[in-house]
Amino acid sequence: MATENLIQEAKGFYKLSWLQRVGFGSGDLAQNLIYQTVSMYLLFFYTDIYGLDAGAAATMFLVVRLVDVLWDPLVGAFVDKHNPTLGKYRAYLVLGGIPLTALAILCFWNGFAPSLIYAYITYVGMSMLYTLINVPYGALNSSLTRDTNEITILTSVRMFMANCGGLAVSAGIPILVAIIAGAKDLPFEMALFMGLGSLPSFIFMPLVPAIKRKVGKKNMFFIFLSVAILGMAMLYCITKFLDMQQNMTLIYIAQFIKSTGVIVATGYMWALIPEVISYGEFTTGKRISGIVNALTGIFFKAGMALGGVVPGYVLYYTGYKAAAEEASTLPTDSSAWFYTMLIYALIGLALLIFCFSQCKERVVMDASETENVKVSDLWVEFVRNRPLRIIALFFITAFAMMSVGNAAGAYYMNDLQAQTPLAQEGILWLVCVIPAILLIIAMFIISKYELSDEKIDEINKAIEARSNKE
């Protein structure tokens, strides 16, 4: 058995220890502690505390994402072309993690409020540094092993820990801000509602490998995307036609159903990236993990651009006004927000360093392939890799859906009843209707994905056979 394992490892089919799996997953936990805080609460911070107009904030979110679209391919090509002494991909967890921590904290500093220039500098810089970590981190997945079962486990662990970060942010931020601000009443209802956005991961993500084996990859997407749409429909109807305060239990149930579908479907989609990397290697002979992860970075940033700009403009055109301090559920004490981000960012940095210590790249390009990497490889790979194009569209719709819903949640639970009927309807569309429409589109897109598990196994065996001949 030991000899067989060594033979398989020599071919790239490595088995990982649980410490390595958890170490890899801690990288996503770290990124979520930092970036989910930005995704969920930065728009609220800008409009209700920093003092920016909702339209100006929406435009800034769009500009930041457009910068990302230009920046991601440069990062992907750079990562694939270079081999830092600390590791081809893992080195950036430390090299980018330190400045990312600093700029994430500065995004929540109120010292220059309401300066739009300061907001642009800190947010653009933070987002560019996040890309410098996220692109090589994504490539780590496919560089640790070729084993499809191992990658499924890795993805499940990664998404489980990512949702730990999501739960810590969604439920923890309102409570911690309130504690630091010295609030008399802690916003437990908001924390529970926001926390339900991540809680189902602890129940369902560990079951993903078994569910996939039982119903198949595509059917798993169809089932859970439908569950998410059902939850959104329930949430809209309960809020629209019943008294919100009298029916919080029903709202929590609807939020749990919605989140269950979203978490499983969007969590497992990351396991598709190593598949399209292997497909690209099979068709071209080059394993350009950084390039593919840069492309997926462009895809999800494009989705976040769409999702990031929509909430601000919907709030602007429906006449949203920041609630008075006494009517706001979330504290508006700027120093409380700053110190909360400080705590989360420093914990995130420590986790990035732990991830660095446990991950080692073993399935990567050789030196000759590395020398020939060009930015244009991104577009060449995009054109010839059909499964990658399907994933591109799926990522765009999925991340647009998540960005819209995440940003809207704070407004839904903070001061919905204090808004005009038109503004209330706008917030409801952001929480329920627009995300549901995007998920219906996502279901159609994923129906076109053609790489089954059996096909991927055949591809990996063909790559192995070709390598043996060489």
- Do Asn32 and Asp28 have a side chain donor and acceptor closer than 3.5 Å? yes

Should the ring pair [X] and [Y] be called parallel, tilted or perpendicular, given that the plane angle runs from 0 to 90° and is split at 30 and 60?
X      : Y      : value
Tyr92  : Phe78  : perpendicular
Tyr236 : Phe241 : perpendicular
Phe160 : Phe202 : perpendicular
Trp337 : Tyr41  : tilted

Check: [Y] and [X] side chains under 4.5 Å, non-hydrogen atoms:
X      : Y      : value
Leu42  : Tyr46  : yes
Trp18  : Val157 : yes
Leu330 : Val177 : no
Phe24  : Met161 : no

- Task: Apply salt bridge (charged side-chain N to carboxylate O under 4.0 Å, His left out) to Glu275 and Lys455, showing your working.
- Result: CA-CA 10 Å; Glu275 295 183 358; Lys455 180 67 174 176; over 6 Å; no

- Message: For Thr420 and Tyr320: C-alpha separation, side-chain torsions, deciding distance, then whether side-chain hydrogen bond (donor to acceptor under 3.5 Å, both in side chains) applies.
- Response: CA-CA 8 Å; Thr420 65; Tyr320 173 82; over 6 Å; no

- Check the pair Tyr35 / Tyr130 against ring pair (Phe, Tyr, Trp, His ring centres under 6.0 Å), numbers first and verdict last. CA-CA 8 Å; Tyr35 206 76; Tyr130 173 76; 4.0 Å; yes

- Please step through side-chain hydrogen bond (donor to acceptor under 3.5 Å, both in side chains) for the pair Ser39 and Asn406, ending with a clear verdict. CA-CA 7 Å; Ser39 298; Asn406 287 344; 5.6 Å; no

- Query: When you look at Phe45 and Phe108, which way does the ring pair (Phe, Tyr, Trp, His ring centres under 6.0 Å) test go after all the steps?
  - Reply: CA-CA 7 Å; Phe45 176 83; Phe108 285 85; 5.1 Å; yes

